[in-house]
Q: 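Provided herewith is a single structure, encoded as structure tokens, for subsequent inquiry.
To find a chain, count down the sequence lines: A is the first, B the second, and so on, and within it residues start at 1. In this text the structure is predicted, and so the values were computed from the model without any measurement.
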Amino acid sequence: MSAILSVEGLRYAYPGEVPALCGLSLEVTAGRKLAILGPNGAGKSTLLLHLNGSLRPDAGRVTLAGQAADYSRRGLNGWRSRVALVLQEPDDQIFAATVAEDVSFGPLNQGLSEAEAALRVQGALAALGIAGLADRPTHMLSGGQKKRVAIAGAVAMQPEVLLLDEPTAGLDREGAEQLVTVLRDLGRRGMTLVFSTHDIELALALADDVALFTGGTVLAQGGAGALLSDPALLARAGLRPPVLLELWLAARARGMCPPDAPMPRSVEDLVGLLARAASPAQAG
Amino acid sequence: MSAILSVEGLRYAYPGEVPALCGLSLEVTAGRKLAILGPNGAGKSTLLLHLNGSLRPDAGRVTLAGQAADYSRRGLNGWRSRVALVLQEPDDQIFAATVAEDVSFGPLNQGLSEAEAALRVQGALAALGIAGLADRPTHMLSGGQKKRVAIAGAVAMQPEVLLLDEPTAGLDREGAEQLVTVLRDLGRRGMTLVFSTHDIELALALADDVALFTGGTVLAQGGAGALLSDPALLARAGLRPPVLLELWLAARARGMCPPDAPMPRSVEDLVGLLARAASPAQAG
Amino acid sequence: MSVGTIDRAAGLNRWRHRALAEKLLIGLGFLVLAVGLPPWPGAALVAVAMLGFTFAGARVPVRLWLAAVALPLGFLATGSVMLLVQVGPEGPALAQDGVAAAAQVCLRAMAATFCLMFLAFTTPAAELIGGLRRLRVPAEIVELALLTYRFVFLLADEAVAMTAAQRARLGHSTRRRWLRSSGMVIANLLPRAMARARRMETGLAARGWQGGMRVLTQRRPVSVGMVVLVLVLQVAVGVAATWG
Amino acid sequence: MHIMEGFLPASHAIGWYAVSAPFVVAGAVRLRSVLRDKPEARMTLAAAGAFAFVLSALKIPSVTGSCSHPTGTGLGAIVFGPAVMSVLGVIVLLFQAVLMAHGGLTTLGANAFAMAIVGPWVAWGVWKLAGRMGLRFAVAVFLAASLGNLATYICTTLQLALAYPDPVSGFMGAAMKFGSIFALTQVPLAVAEGLLTVVVIEALSGK
């Protein structure tokens with residue numbers, strides 16, 4: 001368990017505005033999926049922009065694999081090869097005419113040959129499940145497709161860490177579920193994921209760890225299970241537990257669930273728990 | 001129960017594209033809240049644009065309070081005074097420098113005097129719970145505030161029907177809940193609401209009736225309770241029931257809920273049902 | 001027709017995957033013939049050939065094509081009326097050779113327009129712009145054009161949405177209000193365009209952008225048969241028009 | 001008013017390319033050095049170009065009851081300067097040709113001269129002059145935009161008259177012919193564009 005990225009005492013204010021980050025510290029553990037969870041306007045995007053050097057803090061520091069951040073042009077290039085950022089709005093990152101062209105942009109910027117870049121493009125499109133879209137003009141994609149193309153553009157750079165700003169914003173449930181599957185898959189291949197979201201259900205479905213954000217600081221950081229099932233803590237960040245956990249907690253409080261059972265992550269889990277409690281004879 | 005708006009056999013294709021609406025019929029009952037529910041790309045926004053005459057169908061017809069739609073300039077002006085439309089993206093509809101100025105845009109266009117328009121603005125801002133923002137510059141609003149300003153701009157025209165495209169898109173849970181409260185309130189004052197959404201939880205929380213959309217047609221229209229708790233039907237539209245109803249259905253299937261109990265609309269409702277079933281002695 | 005209608009058709013027609021060079025040879029080659037040869041029978045032959053390539057070859061949807069050609073034909077109608085009339089000391093009168101002159105111009109302009117329409121309907125604008133690179137246009141200018149292309153669709157969508165929102169609030173109910181509303185749309189579009197530019201800058205920097213905008217472009221193989229066919233046709237048209 | 005594809009004889013098409021080329025090449029050279037120093041200026045300029053394009057696709061009502069599209073040359077010249085507009089203007093004209101079948105490739109030189117060179121420079125000149133004369137802000141904007149628009153049309157008229165001189169009265173007669181047709185539609189449009197630009201600039205400076 002090593003911190004691949006960490007920030008300490010980060011402060012930042014956009015010129016002429018109130019501070020967006022007010023002395024914030026956070027660790028990103030290699031190989032895990034971290035949700036930056038909080039309401040809109042809490043400073044989540046601003047933090048992500050600091051994690052790949054797009055913004056430079058007013059005070060505090062960012063450390064990449066133990067090394068203090070290097071904001072020289074060269075330093076930034078190396079940093080962004082290791083830590084890729086996917087913005088919330090895919091249209092802010094997709095600029096080329098076709099999907100394959102667009103995804104090749106990052107690898108070519110990394111100085112790869114055309115042949116290597118072509119392989120990277122293939123690999124990234126396959127990983128995102130959009131190999132069939134390679135020749136599609138980028139302005140003819142649906143919202144969900146655009147999102148995946150933007151992520152493929154980052155994945156093609158083979159970063160160690162992938163930062164995603166509100167990855168499921170604007171997607172319908174099916175689109176969001178497909179994306180979660182793809183992201184889980186990337187995590188399984190060893191990529192570290194950090195994503196911001198105001199959607200606690202997404203955090204429950206995808207995150208190993210959660211950092212609870214509010215008003216430019218981290219209220220709490222820890223394992224997803226513990227944090228997301230603490231209604232008092234969530235309330236302080238203006239959030240409510242996921243419906244599933246709310247039910248679980250309510251049922252447990254009334255003795256309808258075994259108190260020592262693990263947190264349910266799906267409807268099936270919870271129904272199983274309730275059923276076990278209702279007919280204890282079947283329980284393990 | 002009279003239909004204030006109805007469409008029959010509506011067909012529409014954007015030039016050079018596959019049809020967005022393929023022979024669609026639908027009724028909007030006065031005084032009720034109708035959710036147009038379906039995945040992205042199902043044609044929901046296109047339908048809303050037909051309901052206030054922004055688009056003219058290739059075939060089929062739209063009827064407003066029993067009268068066939070009149071697409072003359074005069075007819076459209078009258079129609080849009082009675083049926084107001086709020087787009088998904090507030091930035092697309094907020095133009096003026098301050099909130100009050102922006103909200104006055106519609107009433108002034110209706111030919112009201114400045115004094116009358118000012119009253120309308122006051123009323124609309126109060127109805128949306130943002131009277132305090134009247135003098136705020138529009139570029140200094142948060143996402144949730146912008147949304148309410150956009151709705152106030154429509155409400156100030158005192159329409160009979162309010163059409164809303166994805167009203168909670170991009171809002172966090174708190175913002176969405178506040179908006180739902182405001183919209184319920186408008187409904188209580190007699191305004192007919194039609195909103196599109198891919199969020200089945202929103203439909204559950206707000207709608208009286210639901211029209212289930214997929215691929216440019218209405219799969220089913222009916223009361224929210226019956227439709228949203230029919231997993232087979234929802235699956236055909238690429239949707240899953242709300243987590244709450246999924247749990248309810250799963251629990252009922254296992255005999256953990258009374259089969260004749262009404263559909264729960266909140267976590268508390270469901271826990272109550274489960275508790276009643278677990279200790280039948282307490283049950284009514 | 002919206003801003004993207006023709007370009008969308010260009011991305012969907014049967015010849016979408018033909019090499020750019022072939023389509024340029026057809027479109028530009030015949031365009032040069034249309035303007036360079038005597039209109040009768042040169043331009044007439046070009047027009048027929050282009051209709052063949054457009055509809056039999058690329059299978060461009062006729063209805064869209066007709067909608068797009070209406071605008072230039074409107075211009076042609078007004079323009080050629082001018083050629084029918086002459087203005088002398090005793091006022092306007094029918095020009096002596098006016099009919100012949102107008103017919104010639106009409107023929108040439110129509111043939112040339114068909115060539116332009118062939119290119120527009122079979123080749124996405126981005127591919128055409130990419131072709132400028134090979135004409136040694138400086139990379140910076142080509143990249144600027146490509147980014148402009150990208151922004152055009154995004155801003156056009158925003159403008160369409162803003163206009164729809166204004167209509168819904170009766171912003172076009174009188175001419176005066178319409179003018180004012182249009183001004184507001186434009187005034188709101190400019191800062192949004194600039195904000196978009198800034199966000200794109202961040203987005204691309206995150207992808208290692210250092211100034212250049214190199215991407216892998218797919219070069220499609222040129223079909224020798226097609227090139228020979230086109231060249232033979234062009235020579236034939238040239239010969240027929242010059243000695244015919 | 002774009003001159004349509006193929007409307008000009010070959011010699012005129014080539015001639016106007018030759019006339020426009022120095023302006024556009026000078027603009028491109030200048031732009032290239034700007035872009036080398038500040039790569040991020042690409043984004044801003046591309047956004048400006050797209051803005052000009054979208055502007056030209058918007059319908060605005062004219063005083064006579066017809067409606068048409070603003071040229072945006074005045075607004076562009078005031079906001080971005082005329083030198084930049086020469087290159088952006090050519091890019092926009094190219095897109096108008098291939099995305100809307102508006103204008104053409106053989107007539108690109110002639111259209112560029114009218115819309116990307118004459119219009120912006122006249123608008124910019126009027127804008128500067130009006131400023132020096134101490135005219136009111138709104139009046140200066142109005143004059144710059146409407147005269148820039150008008151200059152574009154006068155230029156197009158002269159281009160057409162040069163190509164198709166009247167059989168009896170020659171170039172002057174043709175200029176009157178084309179001019180009288182355009183005057184009917186274009187003068188009100190120039191006024192509309194002037195008013196529109198005032199609304200835009202005032203709203204912009206209010207933000």
Q: Please evaluate residues C:R214 and A:E114 with respect to the criterion salt bridge (charged side-chain N to carboxylate O under 4.0 Å, His left out), reporting the C-alpha separation (whole Å), side-chain torsions for both, the decisive distance (0.1 Å), and the verdict.
A: CA-CA 10 Å; C:R214 217 153 61 88; A:E114 301 217 337; 3.5 Å; yes

Q: Given that the side chain runs from C-beta out, which part of A:D91 has a heavy atom under 4.5 Å from chain C: side chain, backbone, both or neither?
A: both

Q: For A:D102 and C:V215, what are the C-alpha separation, side-chain angles and deciding distance, and is it a side chain to side chain contact (heavy atoms under 4.5 Å, CB included)?
A: CA-CA 7 Å; A:D102 192 81; C:V215 294; over 6 Å; no

Q: Side chain, backbone, both or neither: which part of A:Q110 has a non-hydrogen atom closer than 4.5 Å to chain C?
A: neither

Q: Check each atom of A:S81 against the heavy atoms of chain C and say whether the ones under 4.5 Å are side chain, backbone, both or neither.
A: neither

Q: Check the orientation of A:H139 and C:Y149. Use parallel for under 30°, tilted for 30 to 60°, and perpendicular for over 60°.
A: perpendicular

Q: So what's closer than 4.5 Å to chain A heavy atoms on C:L147: side chain, backbone, both or neither?
A: side chain

Q: Chain A heavy atoms under 4.5 Å from C:L12: which part of the residue, side chain, backbone, both or neither?
A: side chain

Q: Tell me, out of A:T138, A:V103, A:L85, A:L108, who's got the most heavy-atom pairs with chain C below 4.5 Å.
A: A:L108

Q: When heavy-atom pairs shorter than 4.5 Å are enumerated against chain A, which of C:A197, C:G208, C:P124 gives the highest number?
A: C:G208

Q: Please look at A:V86 and chain C and tell me whether the side chain, the backbone, both or neither of the residue comes under 4.5 angstrom of a heavy atom of that chain.
A: neither

Q: I need the minimum non-hydrogen distance between C:M213 and A:F105, along with the two atoms involved.
A: CA-CE1, 3.8 Å

Q: Pick from C:A205, C:A126, C:G11: which one has the most heavy-atom pairs with chain A under 4.5 Å?
A: C:A205

Q: State whether the number of non-hydrogen atoms from other residues, nucleotides or ligands found under 6.0 Å of C:R180 atom CZ is greater than 12.
A: no

Q: Which bit of A:L87 comes within less than 4.5 Å of chain C, counting heavy atoms only: side chain, backbone, both or neither?
A: side chain

Q: Where do C:Q210 and A:N109 come nearest, in terms of heavy atoms and distance?
A: NE2-O, 3.7 Å

Q: For A:Q93 and C:A206, which heavy atoms make the closest approach, and how far apart are they?
A: NE2-CB, 4.2 Å

Q: Of the backbone (N, CA, C, O) and the side chain (C-beta and beyond), which part of A:I94 lies under 4.5 Å from a heavy atom of chain C, both, or neither?
A: both

Q: Does atom CZ (A:R61) have a neighbourhood of more than 12 heavy atoms from anything else shown, all under 6.0 Å?
A: no

Q: Pick one of side chain, backbone, both or neither for A:R73, based on which atoms fall under 4.5 Å of a heavy atom in chain C.
A: side chain

Q: Taking all atoms of both residues into account, what is the closest heavy-atom pair of C:T217 and A:E101, and its distance?
A: CG2-OE2, 3.5 Å

Q: I'd like to know if A:D92 and C:R198 make a salt bridge, using a cut-off of under 4.0 Å between side-chain N and carboxylate O.
A: no

Q: So what's closer than 4.5 Å to chain A heavy atoms on C:R207: side chain, backbone, both or neither?
A: both

Q: Which atoms of C:L216 come close to chain A, meaning under 4.5 Å heavy atom to heavy atom: side chain ones, backbone ones, both, or neither?
A: both

Q: Is any side-chain heavy atom of A:F95 less than 4.5 Å from a side-chain heavy atom of C:L204?
A: yes

Q: Nearest 0.5 Å, what's the CH2-CZ distance between C:W209 and A:R80?
A: 11.0 Å

